[in-house]
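I have placed the structure first, in the form of structure tokens, so that the comments after it can refer back to it.
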Amino acid sequence: MPLLETPPDALAETYATSLFEFCKDKGGIDAVEETLDELLGVLNTARDDAQFSEFLASRVLATSARKASLSSILAGRISERTLHFLLLLNDKERLSHLPAIAASFQAMAQQALGRLDVDVHTASPISEADLDAIRERLASALGKDVVAHHRADPGMIGGLKLRFGDQLVDGSIAGRLRRLRDQLAADGATRVRTRVAEIIDADTSALDDAAGD
């Protein structure tokens, strides 16, 4: 489950905390994980379907009309627990905050599951072996079960960015990443494994500080 891009805010954290506690009370960590998957599924649908996205965020559509439509569209496809939460957001006219709420809920869920999701950004595609090497080095450096998700970002000139939670790891090692960018452009993605190991070994303390914030 890739990390969500929307940063949580105070309102999002309040709703996410309430949902997290409700899930734990009703079904434990399994309910938390199920609800997270369902929220991500709704957001993925909204991302891929502009009409559905507009339907969720519209200020023109009456909440009562949207409530009936939400129930019709999602009933039987997601748990009653998650549907009830979405209907509550609709009643409070907070559905437009769903991306931020889901991001906050995702962070709480991953903490409870003992996992750390990391988005690995490179300018071009890398192999599964390269991604596994990055994951293993991060797991060793951070002492966590790391789940790595790769994103090829054509907008990057080159190099490597790591994001987990609200931390973007490229500031303290910016110089090394710029040099890595140039080397990747010259040598290709096969150099990622050895170079990222050197980067992470050299800056373990920076990663630890970021993970602890």
Side-chain angles (χ1 to χ4, degrees), residues 1-49 51-58 61 63-120 131 135 138-139 142-151 162-167 210-213:
M1 59 184 76
L3 290 167
L4 295 172
E5 298 285 350
T6 307
D9 53 28
L11 177 66
E13 290 180 359
T14 298
Y15 277 97
T17 300
S18 296
L19 177 61
F20 182 78
E21 294 300 329
F22 179 78
C23 291
K24 283 181 61 181
D25 289 344
K26 297 301 181 181
I29 197 64
D30 289 341
V32 170
E33 190 164 21
E34 180 184 47
T35 293
L36 176 60
D37 288 342
E38 290 172 345
L39 290 178
L40 293 178
V42 170
L43 289 175
N44 284 337
T45 300
R47 181 192 61 198
D48 297 336
D49 186 335
Q51 197 169 27
F52 182 64
S53 178
E54 184 177 351
F55 162 75
L56 289 179
S58 174
L61 186 64
T63 56
S64 58
R66 182 160 44 218
K67 180 177 182 178
S69 295
L70 275 175
S71 297
S72 175
I73 294 169
L74 297 177
R77 299 184 180 183
I78 60 176
S79 65
E80 290 186 9
R81 177 182 56 251
T82 305
L83 177 58
H84 175 77
F85 180 72
L86 293 175
L87 294 178
L88 173 65
L89 292 182
N90 177 65
D91 290 343
K92 300 292 186 180
E93 298 185 349
R94 301 297 191 188
L95 269 177
S96 61
H97 287 74
L98 183 59
I101 293 169
S104 183
F105 186 81
Q106 182 181 43
M108 296 175 189
Q110 296 302 70
Q111 178 69 24
L113 291 164
R115 296 201 300 250
L116 181 67
D117 273 275
V118 179
D119 281 342
V120 178
L131 188 60
R135 180 189 60 76
L138 285 170
L142 298 173
K144 292 180 179 289
D145 180 14
V146 171
V147 181
H149 310 278
H150 177 251
R151 296 186 178 190
L162 308 173
R163 191 173 81 84
F164 47 96
D166 59 356
Q167 302 295 329
D213 287 344

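With sequence neighbours left out, His97 forms a side chain to side chain donor-acceptor pair (under 3.5 Å) with no residue at all.
Taking CD1 of Ile78 as the reference point, atom CD1 of Ile73 lies at 10.5 Å (rounded to 0.5 Å). In this structure, Leu89 CG and Thr63 OG1 are separated by 12.5 Å, a value rounded to the nearest 0.5 Å. Distance check: Lys26 NZ to His84 NE2 gives 10.0 Å after rounding to the nearest 0.5 Å. To the nearest 0.5 Å, the span separating CG on Leu95 from CZ on Arg66 amounts to 5.5 Å. In this structure, Thr45 OG1 and Arg77 CZ are separated by 8.5 Å, a value rounded to the nearest 0.5 Å. To the nearest 0.5 angstrom, Leu113 atom CG is 4.0 Å from Ile29 atom CD1.
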Report the C-alpha separation of Leu40 and Gln106 in whole Å, then their side-chain angles, then the decisive distance to 0.1 Å, and conclude whether the side chain to side chain contact (heavy atoms under 4.5 Å, CB included) test is met. CA-CA 9 Å; Leu40 293 178; Gln106 182 181 43; 4.2 Å; yes

The test is side chain to side chain contact (heavy atoms under 4.5 Å, CB included); show your working for Arg135 and Val118 and say whether it passes. CA-CA 8 Å; Arg135 180 189 60 76; Val118 179; over 6 Å; no

Apply the test side chain to side chain contact (heavy atoms under 4.5 Å, CB included) to residues Thr82 and Leu19: give CA-CA distance (whole Å), side-chain angles for both, the deciding distance (0.1 Å), then the verdict. CA-CA 9 Å; Thr82 305; Leu19 177 61; over 6 Å; no

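Of all non-hydrogen atoms in Ala148 and Val120, the two that sit nearest each other are CB-CG2, 4.3 Å. The shortest non-hydrogen separation linking Leu83 to Ala75 is CD2-CA, 4.1 Å. Between Val32 and Phe20, the closest heavy-atom pair is CG1-CE1, 3.7 Å. Minimum interatomic distance between Ser53 and Ala46 (heavy atoms only, all atoms of both residues): CB-O, 3.2 Å. Of all heavy-atom pairs between Met108 and Glu13, the closest is CE-O, 3.9 Å. In terms of heavy-atom proximity, Leu36 sits nearest to Ala102 at CD1-O, 4.5 Å.
Side-chain contact between Leu43 and Arg47 is absent, with no heavy atoms from C-beta onward closer than 4.5 Å.
Counted within 6.0 Å of CD on Glu54, heavy atoms from surrounding residues, nucleotides or ligands total 12 or fewer; the atom is thus considered open.
Panel note: side chain Thr35, backbone Ala31; a donor-acceptor pair is recorded below 3.5 Å. Looking only at distances, no side-chain donor or acceptor of Glu34 sits under 3.5 Å from a matching main-chain atom of Ser79. Proximity of a side-chain donor or acceptor of Ser104 to a complementary backbone N or O of Ala100 within less than 3.5 Å is not detected. The backbone N or O of Leu86 sits nowhere less than 3.5 Å from a side-chain atom of Asn90 that would complete a donor-acceptor pair. Judged by distance alone, the side chain of Ser72 and the main-chain N or O of Ala68 form no donor-acceptor pair under 3.5 Å.
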